[in-house]
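Everything numeric here is computed off the predicted structure, so don't read it as measured data. Read the numbers this way: they start at 1 and go in the same order the structure lists the ligands and their atoms.
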Amino acid sequence: MSGERKYRLGVLGSGKGSNFVAIADACAAGSVPAEVAVVISDVAEAGILDRARERGLAAQFIAPGKFRTKLDETAEAAYIRALQEAEVDLVVLAGFMRILKGEFLRAFAQRVVNIHPALLPSFPGLEAWKQALDYGVKVTGVTVHFVDQGVDTGPILAQQTVPVLAGDTAGTLHARIQEAERVLYPAVVAALARGEVGVQGRQTVWGMKG
Ligand code: GAR
C-alpha cells in the first residue's frame, strides 16, 4: 500500500443518494482517484446516510437549525467543523437542498461543487426537471458547477444534454436526467481530483495537467 494521501471528498445530501452512490462506487473501483471522507445530511432519515453506512463510510446527520432553505449560524459552523475535521479537499453537493453562503463558501473557497438537474442558466432552483417539462423544452440536461454566492450561478464545469420525449412525465424525465448525472458527476470529480480543471473568472479551464 502506498502512503500517498488520497484526495478527500466531503459529500452533502438531503435525499436518496444516487449521485453519492455513483461517486463512492467509482472511488472504490478506482476510476475516481479519491476517497469519501465523510457524508453529511440535513435530513436524519435520508437514504444517502444509509447508503454511506452500508459502505462503511462516516455518515453524520447535522441539524440545519431554524431556517427552511439555508443553515443557521450554529449549523453552518458545525458543517464547516465536520468537513475540516475530515480534512476534505472538495465539498460535493449531491442533492443537498439548502443554500450555502458566506462563511461556508469562504471556508471552502472554490472547493464546493454542485450538480443541477437542468442546463443552467435555464431552470435554476427547485424541481428543475419539472420546470423544463412545464416550459416545453425539447432538450434539457445536467450541469455540474462550482458553487458561488448565488443560487445555481457558479462557473460551469460540465454539462450533458438529455432529450425530453413525447409522453414524458416529471418522473420519467427526472429518471433519465439522473442516469446522466450518475455518469457526469463522477467524471468531473475525477478530473478535479487529478487537478485537471481550474477556474478563471466565469470560465473553467480543462486539461491543465497530464
Ligand atoms: C438530483 O437529481 C440532483 O440533481 C438534484 O437532486 C437530486 C438528488 O438525487 N439536486 C437539485 O435539485 C439541487 N438544486 P440523489 O439524492 O439521488 O443524488
Inventory of protein N or O atoms under 3.5 Å from ligand 1 N or O:
| unit_1 | atom_1 | unit_2 | atom_2 | d |
| --- | --- | --- | --- | --- |
| ligand 1 | 2 (O) | H174 | NE2 | 2.9 |
| ligand 1 | 2 (O) | Q178 | NE2 | 3.1 |
| ligand 1 | 2 (O) | E181 | OE1 | 3.0 |
| ligand 1 | 2 (O) | E181 | OE2 | 3.0 |
| ligand 1 | 4 (O) | E181 | OE2 | 2.4 |
| ligand 1 | 9 (O) | Q178 | NE2 | 3.0 |
| ligand 1 | 16 (O) | K16 | N | 3.3 |
| ligand 1 | 16 (O) | G17 | N | 2.8 |
| ligand 1 | 17 (O) | G17 | N | 3.4 |
| ligand 1 | 17 (O) | S18 | N | 2.8 |
| ligand 1 | 17 (O) | S18 | OG | 2.6 |
| ligand 1 | 18 (O) | S18 | N | 3.3 |
| ligand 1 | 18 (O) | N19 | N | 3.0 |
| ligand 1 | 18 (O) | N19 | ND2 | 2.9 |

Fill in: Results of salt bridge (charged side-chain N to carboxylate O under 4.0 Å, His left out) for E73 - residues two or more places apart only
none
Worksheet item: What residues form a salt bridge (charged side-chain N to carboxylate O under 4.0 Å, His left out) with D72, not counting sequence neighbours?
Response: none
Worksheet item: Hey, is R5 close enough to D89 for a salt bridge, meaning N to O under 4.0 Å?
Response: yes
Practice prompt. Determine, for R51 against E54, whether the closest basic-nitrogen to carboxylate-oxygen distance falls under 4.0 angstrom.
Written response: yes
Worksheet item: Remaining members of L126's ILVMFWY cluster at a side-chain heavy-atom cut-off under 4.5 Å?
Response: M97
Practice prompt. Test V113 against every option in L93, V147, V197, L157 by the side chain to side chain contact (heavy atoms under 4.5 Å, CB included) rule and name the one that passes.
Written response: L157
